[in-house]
Amino acid sequence: MNIAVPNRTIVVDDRPADLEFVVAEHVRQVIARLGRTEDLRFSPDFRHLALAGFGRSMCLLFNIEFVRSAGKPILHVRDYFELHSPDLKDPHGFDFIDNRTLVVANRGGAVTVFDLPAGSGSQRVHDLSPSLVVRRAGLSRRISTPGSVCVSAMNNGRCELLVCNNYKHRVTRHVVRLGSGWSLPRNSILLEQGLDVPDGIAISPDKAWIAISNHMTHSVLLFDNRTRLDRRSAHVATLSGVGYPHGLRFSPDGTMIYVADAGSPYVHVYRRAGNGWSGEYAPVLSFRVIDDQTFQKGRHNPEEGGPKGLDIDASGELLVVTNEEQPLACFHMPTLLSQKNFAN
């Protein structure tokens, strides 16, 4: 049986901006007992959605489909499978290298790369060993408290992983060679200047900009990836007006950044001026994604209660968020962005 799950209704100009999503009953039961969540991430083909089961040290992957209804995309969650491993230790951040390869930043361990099962079928619980474990931040340093990761494709069968080392206040870079056998990664410290608990990371679609949620400065810092970055590189832009930034994503065209504020019930939207990011930006739009009762239930301290993970589909229409008290919610961005104060 499938169940339509409504969000708490958000209305813009008398139109609902939140979207129902349709969940199979056996999936709903799994979501209900998931506990604390952190990040969530669509696969490149948008057939899977990965959700970090931080509290249970496991990953939950949904089999999903987008179905249009009245001109809007509706998320259908058809099935799921659980990923378990001794190397999953407080999984906090995700990204996909490709549709079958998931990278996990484990705040209580290392960065792990998993080859995903070909299909869930009747088997929904999988105990796997990672195909690659990244433990080093350099020749003389180890990775420490990796909390978020993003993947940047490279040439010649290689890709790079950018990892926020939360409580070491740095971003490390790991270049790995893909193929039938994984090579030992080349590890280095990429960014350090100005970082204070970097808690989320995203790279723009054109790979020109790196955005980092800087938890303790209550801001998002942007670095120009077209330059030769190193640990002394300074950020070129600041997104302000956010309490405790967590998950963040660029819009598909790279002109906007969506930021989940873990310290409030809001997602903030920033829009660049001109062709790049420079200077300081305030939100051009903030919209509520959690009702007050749910927010207060999860507000154990000023840094909690709000949305944690955030992602957006390839069309830029459907935005999904997660936190412990509201593991999955969906919103229609064109409706939200149509607000009069956001008009060009």
Side-chain angles (χ1 to χ4, degrees), residues 1-34 37 39-53 59-83 94-96 98-100 102 116-124 205 247 249-253 256 258 260 267 269 287-291 294 307-323 326-339:
M1 181 175 66
N2 294 331
I3 298 176
V5 182
N7 300 331
R8 301 287 185 176
T9 301
I10 293 176
V11 175
V12 177
D13 295 335
D14 299 321
R15 292 173 294 165
D18 50 337
L19 296 173
E20 289 185 344
F21 53 98
V22 180
V23 181
E25 171 62 20
H26 67 286
V27 181
R28 186 193 64 80
Q29 294 174 7
V30 170
I31 294 174
R33 61 174 184 265
L34 183 60
T37 66
D39 199 11
L40 82 173
R41 189 69 159 148
F42 287 118
S43 62
D45 62 3
F46 293 92
R47 296 179 64 183
H48 291 92
L49 177 63
L51 190 60
C59 299
L60 189 62
L61 285 98
F62 299 127
N63 297 341
I64 62 171
E65 181 183 0
F66 294 103
V67 177
R68 299 198 75 82
S69 176
K72 294 181 179 181
I74 304 298
L75 179 67
H76 286 244
V77 184
R78 307 290 194 190
D79 209 342
Y80 75 95
F81 60 93
E82 297 181 21
L83 177 60
F94 287 145
D95 205 356
F96 284 85
D98 55 36
N99 294 320
R100 306 307 313 175
L102 179 68
L116 298 178
S120 59
S122 60
Q123 182 181 355
R124 293 194 175 99
R249 295 287 185 264
F250 285 84
S251 62
D253 64 3
M256 292 183 289
Y258 306 100
V267 166
V269 184
F287 61 95
R288 193 179 189 112
V289 295
I290 300 172
D291 67 80
T294 305
K308 291 291 193 76
L310 173 154
D311 205 0
I312 192 163
D313 78 322
S315 71
E317 290 187 85
L318 189 145
L319 181 136
V320 292
V321 297
T322 186
N323 81 346
Q326 182 177 274
L328 187 61
C330 305
F331 299 89
H332 189 239
M333 290 312 303
T335 300
L336 289 162
L337 298 179
S338 68
Q339 293 194 44

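- Listed here is the closest heavy atom pair of P73 and E317: CD-OE1, 3.7 Å.
- In this structure, the side chain of T37 engages the main chain of N323 through a donor-acceptor pair within 3.5 Å.
- N99 contributes a side-chain N or O that, together with a main-chain N or O of D45, makes up a donor-acceptor pair within less than 3.5 Å.
- A side-chain contact (heavy atoms from CB on, under 4.5 Å) with F331 holds for exactly one of I312, V321, V267, L318; it is V321.
- Of all the heavy atoms in V320 and C330, the pair that sits closest is CG1-SG, 3.8 Å.
- How far CG of L319 is from CZ of F287: 5.0 Å, rounded to the nearest 0.5 Å.
- Atom NE2 of H76 is separated from atom CD of E20 by 9.5 Å, given to the nearest 0.5 angstrom.
- Summarising the geometry, atom NE2 belonging to H332 is positioned 8.5 Å from atom CD1 belonging to I74; distances are rounded to the nearest 0.5 Å.
- A distance of 8.5 Å separates CG in L116 from CG in D98, rounded to the nearest 0.5 Å.
- Under the 30°/60° scheme for interplanar angles, the aromatic rings of F81 and H48 are found to stand perpendicular.
- Contact record, I290 with P307: CD1-N, 3.6 Å, taken as the closest heavy-atom pair.
- Proximity of L75 to F66: side-chain heavy atoms (C-beta onward) are separated by under 4.5 Å at one or more points.
- Here the CZ atom belonging to R249 is positioned 13.0 Å from the OG atom belonging to S251, to the nearest 0.5 angstrom.
- Within the 4.5 Å cutoff, side-chain heavy atoms of F94 are placed close to those of C59.
- Distance check, rounded to the nearest 0.5 Å: CG of L51 to NZ of K308 gives 12.0 Å.
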For this session: Just do the side chain to side chain contact (heavy atoms under 4.5 Å, CB included) check on D79 and H26 with the steps written out, would you?
Result: CA-CA 8 Å; D79 209 342; H26 67 286; 3.0 Å; yes

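- Nearest heavy-atom pair across F96 and F42 is CD1-O, 3.5 Å.
- Put simply, the side chain of V23 does not reach to within 4.5 Å of the side chain of F62, judged on heavy atoms.
- Across all non-hydrogen atoms, the minimal contact from Y258 to M333 is CE2-CE, 3.4 Å.
- The minimum heavy-atom distance between P252 and S315, with the atom names listed, is CG-C, 4.2 Å.
- Using a cutoff of 4.0 Å between basic side-chain nitrogens and carboxylate oxygens, D313 and K72 are not scored as salt-bridged.
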